[in-house]
Amino acid sequence: MRFDSFIQNLDMGHCEDQRHCEALFDIVLMIVMIDGVVDESEQEFMENWLESLDWKGNQSTSEYYDSAVKKVTYAVENGQSLDFITHRAKLIEDQDVRDQALKLAHDVSMADGQLDDNERAAIELLTQLLEDKR
């Protein structure tokens with residue numbers, strides 16, 4: 001399934017806590033960027049999704065997007081992707097948001113029909129970090 005077709009059918013949900021919004025966005029952005037290939041439709045989708053969130057941050061959404069891309073790019077280029085995911089996942093305390101993050105990351109990773117080794121490792125880590133342990 002092509003990414004643009006996939007995103008038309010994906011319920012990206014919303015989050016109410018700003019910290020959760022940022023962590024959720026960062027995790028999904030990492031999944032999009034972790035394979036080293038970000039096409040125009042993925043970038044446009046992520047920008048539009050960020051705009052649709054109930055944003056209460058100190059930065060504008062465009063400033064946050066640019067900052068997040070820089071952080072994710074640095075992490076990917078320096079072999080720190082899993083550390084980045086671990087850090088961001090720990091910020092999500094609400095189990096419903098954890099479930100949403102895991103589902104979104106899994107769905108986005110499979111949007112292009114291919115799961116590379118980096119995506120697989122990220123999904124496995126997220127599953128360990130976010131699955132419901134009640």
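Worth saying up front: this structure is predicted, and the values here are computed from it rather than measured. Side chains are part of it too, since the values below use all heavy atoms of this structure and drop only hydrogens, waters and symmetry mates.
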Kindly give the heavy-atom pair with the smallest separation between [X] and [Y], and that separation in Å.
X	Y	value
Lys56	Gln18	N-OE1, 2.7 Å
His20	Glu93	NE2-N, 3.2 Å
Ala105	Ile27	CB-CG2, 4.4 Å
Trp55	Cys21	CZ3-CB, 4.4 Å

*asked:* Does anything in residues 120-130 form a salt bridge (Lys or Arg N to Asp or Glu O under 4.0 Å)? List the pairs, not counting sequence neighbours.
replied: Asp117-Arg120
*Can you tell me which residue pairs pass the salt bridge (Lys or Arg N to Asp or Glu O under 4.0 Å) test with a partner in residues 23-33, sequence neighbours excluded?*
Asp26-Arg88
Can you tell me how far [atom2] of [Y] sits from [atom1] of [X], rounded to the nearest 0.5 angstrom?
X	Y	atom1	atom2	answer
Ile85	Leu129	CD1	CG	8.5 Å
Leu102	Asp107	CG	CG	9.5 Å
Asn118	Ser109	CG	OG	12.0 Å
Met30	Glu119	CE	CD	12.0 Å
His106	Leu115	NE2	CG	7.0 Å
Ile123	Ile31	CD1	CD1	4.0 Å

*Heavy-atom check, side chain of Trp49 versus side chain of Leu29, under 4.5 Å*: no
*asked:* Any heavy-atom pair between the side chains of Leu125 and Gln128 that's under 4.5 Å?
replied: yes
_Applying side-chain hydrogen bond (donor to acceptor under 3.5 Å, both in side chains), can you list everything that pairs with Glu44, at least two apart in sequence or on another chain?_
none
_Applying side-chain hydrogen bond (donor to acceptor under 3.5 Å, both in side chains), can you list everything that pairs with Glu51, at least two apart in sequence or on another chain?_
Thr61
Could you go through residues 69-84 and list every donor-acceptor pair under 3.5 Å that involves a side-chain atom there, pairing it with any protein atom two or more places apart or in another chain?
| unit_1 | atom_1 | unit_2 | atom_2 | d |
| --- | --- | --- | --- | --- |
| Thr73 | OG1 | Val69 | O | 2.7 |
| Asn78 | ND2 | Tyr74 | O | 2.8 |

*In terms of ring plane angle, is the pair Phe25 and Tyr64 parallel, tilted or perpendicular, where the classes change at 30° and 60°?*
perpendicular
_Donor-acceptor under 3.5 Å (Glu131 side chain, Leu126 main chain)_ = no
*Can you name the residues that form a ring pair (Phe, Tyr, Trp, His ring centres under 6.0 Å) with Tyr65, not counting sequence neighbours?*
none
*Will you find, in the side chains of Gln95 and Asp99, an N or O donor that is under 3.5 Å from an N or O acceptor?*
yes
